[in-house]
> 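Take this structure first; my questions come after.
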Amino acid sequence: MSAKWEVVIGLETHAQLSTASKIFSGAPTAFGAEPNTQACGVDIALPGVLPVLNTGAVERAIRFGLAVGAKINSPSIFARKNYFYPDLPKGYQISQYEKPIVEGGTLTIQVGESEKTVRLTRAHLEEDAGKSLHEDFSGRSGIDLNRAGTPLLEIVSEPDMRSAEEAVAYARTLHTLVRWIDVCDGNMQEGSFRCDANVSVRLLGSKEFGTRREIKNLNSFRFLQQAIDYEVQWQISEIEDGRKIQQATVLFDPDSGETRMMRTKEDAHDYRYFPDPDLLPLEVSAERLAAVRAAMPELPEARRSRYMKEYLLSSYDASLITQSREWSEYFELAFQVLNADDKMVAAKHVVNWMSGELAAYLNRQEIDITRSVVSAPALGMLLKRNADGTLNNKMTKEVFAAMCAGEQGGDPDAIIAARGLKQISDSGEIEKIVDQVLAANAQQVADFRAGREKAFNSLVGQAMKATKGKANPQQVNEILRRKLSG
Amino acid sequence: MSNATVKELSELLARKACSSVELSHDFINKINELNNSLGCYITVDAERTLAQAKAADARRAAGDAGALTGVPLAHKDIFCTKGWLTTCGSKMLGNFVAPYDAHVVERCAAEGMVTLGKTNMDEFAMGSSNETSHFGPVRNPWDPQRVPGGSSGGSAAAVAARLAPAATGTDTGGSIRQPAALTGICGLKPTYGLVSRYGMIAFASSLDQAGPMARTAEDLGLLLNVMAGHDARDSTSLQRPAEDYNRDLAKPLKGLRIGLPKEFFGAGMSADVQKATDAAIAECKKLGAVPVEVSLPNMGLSVPVYYVLAPAEASSNLSRFDGVRYGHRAAEYGDLLDMYKRSRAEGFGAEVKRRILIGTYVLSHGYYDAYYIRAQKLRRLIARDFVEAFKTCDVILGPTSPTTAFKFGEKSADPVQMYLSDIYTIAVNLAGLPGMSIPCGFGDGGLPVGLQIIGNYFDEARMLNVAHQYQLATDWHRKAPGGVQS
């Protein structure tokens, strides 16, 4: 990208709220059921049916609003967005238009080592539509209304992002937050969290925004990055070639890596929004607000800052263990069991293991931390055995591997006992072994004394080998050096 | 027996002087005899009716009967009735068998009332003469050349012709009261929110309200006791303690302040209606009521306000009738848009299309503020007028309809003339107030005239008290049209 261009990005994110039933009916929201088995009379819009608001959806919207420091509007108003489509049974979508439940707020994102605050415009409650299926019906289309009426929170940011990286950081932070506060399961494959990106470019220093194009329905962070990158290049080359950008909605094709025009502003619908007379204005009482506030967990950003302050963790490390509530809880538990005097060393110890061995294991197994065979207390115990000298690093890795394999029910002490892995830290015993090694390796001793430092390492290796790796390497070092210098 | 009131029938059943099966047989025979010429019912199903009657008799035999167990009634074809064709007077739903019961139907069934059939109505309740029904005209039992009013014309004519002792109706702008007036029966539109709208096919959600139609005020109260009550499936249904709407029937009218809005008694009312209305007011005075002049200065705006708001809501409410999931679908069509166009063009009649067009227009971008928002503001002014008026009076009296029943075709060519036949009733819906119509004499040609009683919010018991006291002193409500008396 030529340095004279500035990219402007705003995101609209649809987070599916994690309620058991739909936003205006009692039908279940579970994913993956047979088509049209999770749609009741309200969802298929039988004549005479009426919407009844799911209070769980409202509570989640409030929780989100409080988490981003937004204003909770009372009342907020449900409106009808009118358009015809076969997967929209009522011929209108119930959404919030002029008065959303959540207004304003901010989200702090990390881009590299720097921090940025993105302003939120609003977040509103709405229902999802069904799904049109255009394949496998011999030229006809099928409609699956299982999704119709699924509760969504549409979260709209201000156009505050200036690069695809920032947009992705925002989306990731938002993704972490909605899962952290239990409003959305964040499952992007199932469409529980998807983004529309409004992208424009302008000359650096320009006050006016360029004309934006909206990339619809990006359901992975990778696609978000790729789509914006492509779109930005396309817009710049259009302008540089003397063409004007037309306001439009585009789709990203992951196969070609390109964005493709869906419709222009000219063929935009007139949605004829008006307040839904079937639903009363939504009031949120001060008591209700206070109750939701009281039940809020410590938020990821606050916890991250605390880790950095209390344990002197780096920004990178602190972000790593606050990437989700599950990671953070895992860390806390392991840290508690490790229970070391030096909190900072202990915290770093746990973080290193989580980002190293544990992450590698999870990746290999392609599982989430919640399904880790190695529990947080077990990892804490393992690290305690490392810290107290029972295990050297090599043995610790061996025990960890055994824990991953489910040996001895994953109990590190049981594995240590069963494998006879206890580190030899008795200096008398080590001294004996060192004496034997020195006696048997006269050549290396001579070499070392002649100033060849390498020979020392060889002698350490011999001593470790003689104890099958169980000797405390630090002690071996010390004793060997003392004896050689003597 | 078909001439008996609901009260009398319930007493006969309680004394076991007749069975519900016998009663139902009588009505079915009468319907078979007269429905072809009157067109009151769209659907009758003797087998189902008799099965319900049998069940009611069994319940009574088991000593488990409610006050109205075994009493037959007819349901307006706007109420979803499980297993029955539910057409809403439209070709669009000409094949629609409801898979569930409306709340009102449920309540009546729970009481043990027996469904005689589904009554004819203006298509989607849009009309004041029943001429917009897809299923042919309903003839006024007082003069078969004349309309019964609408939209609950089938219910009104059925009760007037003794083809049912009572019927359910709905009233969006006068659809219970105006046909009641034109056919010489009683009809009550409760306070908005008193009777659940669940299962009642929506016309204009913020105005629609179900209510009873019968031949005496006392019967209306008995029926309202069954129909009213909170329903969690309708978010606009009100949570109030149950009440006996007939508790005040016996109260004398002495000292009752009857408000007479000067706007009700100006130009526009025909002389014969004026004469009967004046006489009714004089009768009330004789009973001890005190007339008070009140003013509803914005009443003149109610028809234009209504014809912005009701079509706006209707245009959206009727979007679900798209030929995709149920109802009429064109036999031949090209693409999706063509299917919508043809299905809706064929399925809806002219008046429904007119209102969808008006409604779509007033909600359109650029017109919304000028029409919809403006009308909402005026609606509040109209409601405030009533609040002011009720500071100086207990009930408001006036005409229900500016004329008696008119001839077929007389107004159907000029929609505005037709709309003006609801000029005295519409403001009540806009304000959400309860209103009723009772017979108060006959105009030119021996056609019935209705007296409208408007109460303050939740003042149904007082309105019924006024109507009942009036009916104790007069016998207009006992008159039956020629040729139907038995």
Side-chain angles (χ1 to χ4, degrees), chain A residues 23-26 36 39-55 77-94 97-98 130 132 134 139-145 148 265 268-283, chain B residues 78-80 86-88 92-93 96 98-103 124 193 196-202 204-208 231-237 309 312-313 315-327 336-337 339-340 344 359-368 372-373 376:
Chain A
I23 184 166
F24 298 119
S25 84
N36 298 311
C40 69
V42 173
D43 305 319
I44 68 172
L46 285 178
V49 295
L50 296 167
V52 177
L53 181 59
N54 182 337
T55 53
I77 308 286
F78 285 98
R80 293 183 183 180
K81 178 180 180 179
N82 294 283
Y83 65 95
F84 284 96
Y85 203 69
D87 63 20
L88 187 72
K90 295 188 292 299
Y92 57 85
Q93 178 197 28
I94 305 176
Y97 185 54
E98 284 182 338
S132 296
H134 300 297
R140 294 155 57 149
S141 290
I143 309 290
D144 178 6
L145 295 176
K265 196 189 175 191
H269 285 105
D270 178 354
Y271 290 118
R272 307 189 309 280
Y273 282 100
F274 75 106
D276 190 333
D278 287 332
L279 292 161
L280 301 173
L282 172 58
E283 309 271 357
Chain B
I78 199 168
F79 293 103
C80 284
T86 299
T87 70
C88 221
M92 182 57 89
L93 291 177
F96 180 70
Y100 75 103
D101 276 332
H103 184 249
F124 285 104
S196 167
R197 293 184 295 115
Y198 180 79
M200 186 175 122
I201 299 175
S205 315
S206 75
L207 300 159
D208 294 342
D231 176 12
R233 297 166 301 184
D234 173 2
S235 308
T236 61
S237 163
L309 297 181
E313 294 183 17
S315 70
S316 175
N317 281 334
L318 270 59
S319 293
R320 70 187 57 198
F321 306 111
D322 56 7
V324 173
R325 299 167 315 287
Y326 51 77
L336 174 67
L337 189 63
M339 186 197 85
Y340 285 146
R344 287 168 66 84
T360 303
Y361 179 80
V362 300
L363 291 176
S364 294
H365 187 71
Y367 299 97
Y368 179 74
Y372 184 82
I373 293 290
Q376 285 292 17

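Note on naming: letters A, B, ... go to the chains in the order of the sequence lines (proteins, then strands), and numbering restarts at 1 for each one.
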> Among Ser364(B), Ser206(B), Ala202(B), who wins on heavy-atom pairs under 4.5 Å with chain A?
Ser364(B)
> Which atom names give the shortest non-hydrogen contact between Arg320(B) and Leu46(A), and what distance separates them?
NH1-O, 2.9 Å
> Taking all non-hydrogen atoms of both residues into account, name the closest pair between Phe321(B) and Pro47(A) and its distance.
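Looks like CE2-CG, 3.9 Å.
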> Just by modelled atom types, is the His365(B) backbone N or O under 3.5 Å from a matching donor or acceptor in the Asp270(A) side chain?
yes
> Using the rule side-chain contact (heavy atoms from CB on, under 4.5 Å), only one of Val49(A), Val52(A), Leu50(A) pairs with Asp234(B); which is it?
Leu50(A)
> Atom CG of Leu88(A) and atom CG of Asp322(B): how far apart are they, to the nearest 0.5 Å?
9.0 Å
> In Å and rounded to the nearest 0.5 Å, what is the CZ to CG distance from Arg325(B) to Asn36(A)?
10.5 Å
> Under 4.5 Å heavy-atom distance to chain B, tell me which part of Tyr273(A) shows up: side chain, backbone, both or neither.
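Only the backbone of Tyr273(A) comes within 4.5 Å of chain B.
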> Is chain A contacted by the side chain of Ala98(B), its backbone, both, or neither, given a heavy-atom distance below 4.5 Å?
neither
> Please determine, among Phe274(A), Tyr92(A), Tyr271(A), the option with the most heavy-atom pairs under 4.5 Å with chain B.
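Looking at each of Phe274(A), Tyr92(A), Tyr271(A) in turn, Phe274(A) comes out on top.
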> Looking at Pro277(A), Gly41(A), Pro275(A), which has the largest count of heavy-atom pairs under 4.5 Å with chain B?
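With the most close heavy-atom pairs to chain B, the winner is Pro277(A).
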> Crowded around Tyr100(B) OH? As in, over 12 foreign heavy atoms under 6.0 Å?
yes
> Only pairs of heavy atoms separated by less than 4.5 Å count here; which of Leu336(B), Leu318(B), Ile373(B) has the most with chain A?
Leu336(B)
> First locate atom OG of Ser235(B), then atom CG of Leu280(A), and finally report the distance between them rounded to the nearest 0.5 Å.
6.5 Å
> Show the nearest heavy-atom pair for residues Arg80(A) and Glu313(B), with the distance to one decimal.
NH1-O, 4.1 Å
> Measure across Lys90(A) and Ser319(B) and return the closest heavy-atom pair with its distance rounded to 0.1 Å.
O-CB, 3.4 Å
> Once you round to the nearest 0.5 Å, how far does CG of Leu337(B) lie from CZ of Phe84(A)?
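So the CG of Leu337(B) and the CZ of Phe84(A) are separated by 10.0 Å.
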> Is any side-chain heavy atom of Asp278(A) closer than 4.5 Å to one of Arg197(B)?
yes
> To check you understand the geometry: which heavy-atom pair defines the closest contact between Thr360(B) and Arg272(A), and what is its length?
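Looking at all heavy atoms of both residues, the shortest contact is O-CD, 3.5 Å.
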> Give, as side chain, backbone, both or neither, the part of Ala204(B) having an atom under 4.5 angstrom from any heavy atom of chain A.
neither
